[in-house]
Amino acid sequence: MAALGSISLAGAFVLACYGLIAAVFGIRQRLPELALSARNALLGMFALVTLAGLTLIAGFLTHNYELSYVAEHSSREMPPIYTIAAFYSGQQGSLLYWCWTLAIFSALTVWLSWRANRQLMPYVTGLLCAMEAFFLFLLAFIQSPFATLPFHVDNGNGLNPVLQDKGMLIHPPMMLMGYMSWSIPFAFALAALISGRLDFQWLRSIRRWSLAAFCIQSAGLILGAWWAYHVLGWGGYWGWDPVENAAFMPWLAGTAFLHSVMVQERRGMLKVWNLTLIILAYLLAVFGTFIVRSGVLTSVHAFAQSSIGPYFFGWLALSIAVSAGLLVWRLPRLQSDATFESLASREASFLFNNWLLIGVIVAVFSGTVFPILSEAARGEKITVGPPFFGAVNGPIFLALMVTMGIGPLLPWRRASRGVFVRNFLKPLTIAGAGLILLFALGVHNPGALLGYTACVFVFATLVFEFYRGTMARRRVTGKTTLGALGDLFLHHSRRYGGYLVHVGVVVVAVAIVGSQFYQLQRQVSLERGQTAQIGSYRLTFDGLSTAKDAEKTTTSATLSMADGSIIRPGKSVWARDDKNPTSDIVIRSTPFEDLYVVLSDWTPDSSAATLLLFVNPMVTWLWLGGIIVVIGTVVTAWPHPRTRHAPAVVRAAPRPARKEAAVVTA
Amino acid sequence: MISAKLKFVVAGVVLLAAVGYLIFNSVSTSAEYYLTVGELKAKAPAVYSQNVRVAGIVEADSIVKDARAGTLQFTAEDSSGKLPVLYKGGVVPDIFGPGIQVVVEGKYAPDGTFQASNLLAQCPSRYEDSVQPPASGS
């Protein structure tokens, strides 16, 4: 089994190298057969990486402890589903997982885009092979998941109990896939730069790929928040931990790109900027993997320091050098077709949105690497914690929200005074009314008040947009209101799917503002029979109970609530791993707040217990908003009905127009 | 009539300045020294009034929990020294225990104890544990 896995990885590495070389020669010698051969090498590599991946899964399922990776991360007692999840719980496995998903995405890319992009695809193939070759080199020669143990063991170490949770099944694979998925747009961007085909073709090709990356990363981030909230027991969902920040930054760059790319499609501007953003998203994804894996920063995720840090650093440096060099080389060909005419225009609002998102990236990045920088500069390690990130990003997020409300209402080029009044009068009035109402309802904290007013404003603009669109559609088609609304999503999926994402972001913002400004937290120590109060909840401690089964011993506190119901927060000590107890947190969700109870400690005689109590307002909205964002992104990326029925016509039609644009550029 | 380009430059500069100010301002209010035990002791008494972070390993047999008072006392040690820590009123990570790498955040008191307001634990040993040969030998 070890041999099969190692050989497939080595074979895949050889094929990836061959694919790269064949692509380069195919392009230079103008030999289409060689380019085709590169494509086949890529598909062969995909097959071999898949074989390696399946081999490792089989190793886990058959408890093949000859493989040290399997022995380190699984045991016979684990349920099969977590045994499979152990695949990506360690370094080698997560590298293989990244490599495998990239192989899948690469194969899909060449399969789906080869015919539409005959000129660009040899470049893309070569670049994808190069990226795969890097990972395969690490996997085959530096950190093999198929390394064997020099001795025999009957059982493995098992997986950390805290990882044996539903979240483990979906968050890490989603997150890693999210990092990985920026590779495809990056490959297209570099391919466009190298080939000099900097027209609209490459942008169109990566629209769905970058939306897919955005979607996967959004889901990964929300799932991570959900998991942390339900498992870790500190009452929060986001802690500005380096690993979280690392995952957040490529998402921000990608979000900026998805917006500014529209300016390029529409007006032929921001060409260098868009390339920079897509390159940045990829670099930040690699940087994220690097800081997670290299141990240069301390994090609660705390992966072991490893030997692959320098390789990632080298890859990062190489990627930066190559991308920057190509960008500078192609600068003369990246002239804007038009100029910004007015601050009050759609393109200007996209530009502000981009600047603000970059501002968040700069803030998060500097805060994350601050200990490294300060140590290098002053010889002292200085950290900045969550208060720093909150203080910097809060105002920027607020400005972003406002931009999100204003942008869609502005026309391209420039807005006249009349447009301004027509589009903004109602939403601004509603926002003003919302402000007064919120104040009257007791929202007095300036941050929360501004945040919620911004939410009201953005939501109002979105409602008006949907209303206007639906009414217009109803007039044209004579359908019912609901039918017309459905039509918006079907026929203008890009625009209204995007709005749906904005709705999701507003819902998320409501959750963040509520839980950041109005969280209640208490630590209480209760004797049996004593009552504690937090918010409107009263909890009486009725005693402790212990339940034991083959896997774990669980101690739970029985707490009766004022409404007569009973909750039992507990702590479980696992038989195989008594050093890593897990908390059984009780979360009572209502639409507007969660009661969150953690059993922290108890006296040996069970007469008293220490509890952590939280009331977290609006957290349910976070999950809801996350779901809406994901659905909205899927709607946006969904193939247009017309393109599905008659792809040939649509593909051919825009050509002449693009030519004109190309002439203008030249 | 001011040109559109100038307006954009001004808007960009204002935005840049605002973000720069935010970062600078927040760093100066929320920056904390991240020290070893030895560095912390060397910085006393100047460090008494500051919030700092200190990393160390929890010394075996040093943990005293009081579930009634809700306090946790332990000694954090590293190669440069030992530090008694008093932690009150907060989340104790599940993996906290002897031999665990912790980061404590709080103030160093003149009586030599560290009054922690935040406790983070790390478990580098666990995610990537190496497999040991069976103890019985074969």
Side-chain angles (χ1 to χ4, degrees), chain A residues 68 71-72 89-91 149 151-154 156-157 160 162 233-235 298 300 302-305 339-343 348 351-352 355-356 359 362-363 366 370-371 380-385 387-388 391-392 395-396 523-525 571 579-583 598 600-603 608-610 612, chain B residues 4-5 7-8 11-12 15-16 18-20 22-23 25-27 29-36 39 51-53 55 65-72 88-101 103 105 118 120-134 138:
Chain A
S68 82
E72 276 169 21
S89 65
Q91 173 130 287
L149 279 178
F151 45 81
H152 174 79
V153 288
D154 289 325
N157 280 357
N160 188 327
V162 81
W234 54 277
T298 51
V300 287
F303 302 94
Q305 298 204 4
T339 52
F340 286 98
E341 293 172 21
S342 162
L343 283 175
L351 192 66
F352 292 136
W355 285 347
L356 291 167
V362 170
S366 51
F370 206 84
E380 291 172 319
K381 232 177 183 173
I382 297 172
T383 63
V384 292
F388 165 82
V392 179
I396 307 181
Q523 184 190 31
V524 291
S525 297
K571 201 160 263 208
K579 288 216 180 64
N580 287 302
T582 55
S583 283
V598 188
S600 171
D601 199 11
W602 55 89
T603 54
T610 307
L612 283 169
Chain B
K5 197 167 187 177
K7 280 190 201 165
F8 275 89
L15 204 84
L16 198 72
V19 171
L22 274 172
I23 294 178
N25 192 40
S26 310
V27 163
T29 55
S30 69
E32 290 175 356
Y33 280 113
Y34 193 3
L35 304 168
T36 64
E39 285 168 350
N51 248 335
V52 293
R53 283 181 167 214
K65 282 188 189 179
D66 186 336
R68 282 203 170 78
T71 58
L72 170 66
K88 193 170 183 178
V91 181
V92 180
D94 283 332
I95 53 165
F96 178 85
I100 293 288
Q101 168 93 34
V103 177
E105 208 179 315
N118 203 356
L120 307 167
Q122 300 177 310
C123 55
S125 63
R126 194 52 217 170
Y127 289 129
E128 302 280 331
D129 233 0
S130 62
V131 177
Q132 302 301 317
S138 54

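In the text below, chain A, chain B and the rest are named by the order of the sequence lines, each starting its count at 1.
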Closest non-hydrogen atom pair, B:Ala11 against A:Leu343: CB-CD2, 4.3 Å
Which atom of B:Ala69 lies closest to which atom of A:Ser525, heavy atoms considered: C-OG, 4.1 Å
Partners meeting ring pair (Phe, Tyr, Trp, His ring centres under 6.0 Å) with B:Phe8 (sequence neighbours left out): A:Phe340
A:Leu351 portion near chain B, given a 4.5 angstrom heavy-atom threshold: side chain
pair B:Tyr33-A:Glu380: side-chain heavy atoms closer than 4.5 Å: yes
Interface residue of largest heavy-atom contact number with chain B, from A:Ala609, A:Ala391, A:Ser600, under 4.5 Å: A:Ala391
Top of A:Thr610, A:Leu356, A:Val392 for chain B proximity - count of heavy-atom pairs under 4.5 angstrom: A:Val392
Side chains of A:Ile396 and B:Leu22 in contact at under 4.5 Å (non-hydrogen atoms): yes
Separation of A:Thr383 OG1 from B:Glu32 CD (nearest 0.5 Å): 5.0 Å
Max heavy-atom pair count under 4.5 Å with chain A, selected residue of B:Asn118, B:Val92, B:Val27, B:Val19: B:Val27
Validation row: B:Ile23, A:Phe388 side chains within 4.5 angstrom (heavy atoms): yes
Spatial distance of atom OG1 (A:Thr603) from atom CG (B:Asp66) [nearest 0.5 Å]: 9.0 Å
Choice from A:Ser583, A:Ala608, A:Ala363 maximising heavy atom contacts with chain B below 4.5 Å: A:Ser583
Close side-chain approach of B:Val91 to A:Val598, heavy-atom, < 4.5 Å: no
Heavy-atom proximity to chain A below 4.5 Å, by part of B:Ala18: neither
Closest approach of B:Lys88 to A:Gln523 (non-hydrogen atoms, all atoms of both residues): C-OE1, 4.1 Å
Contact origin within A:Trp355 toward chain B - heavy atom pairs under 4.5 Å: both
Best-contacting candidate, A:Gly359, A:Pro387, A:Pro581, against chain B by heavy atom pairs under 4.5 angstrom: A:Pro581
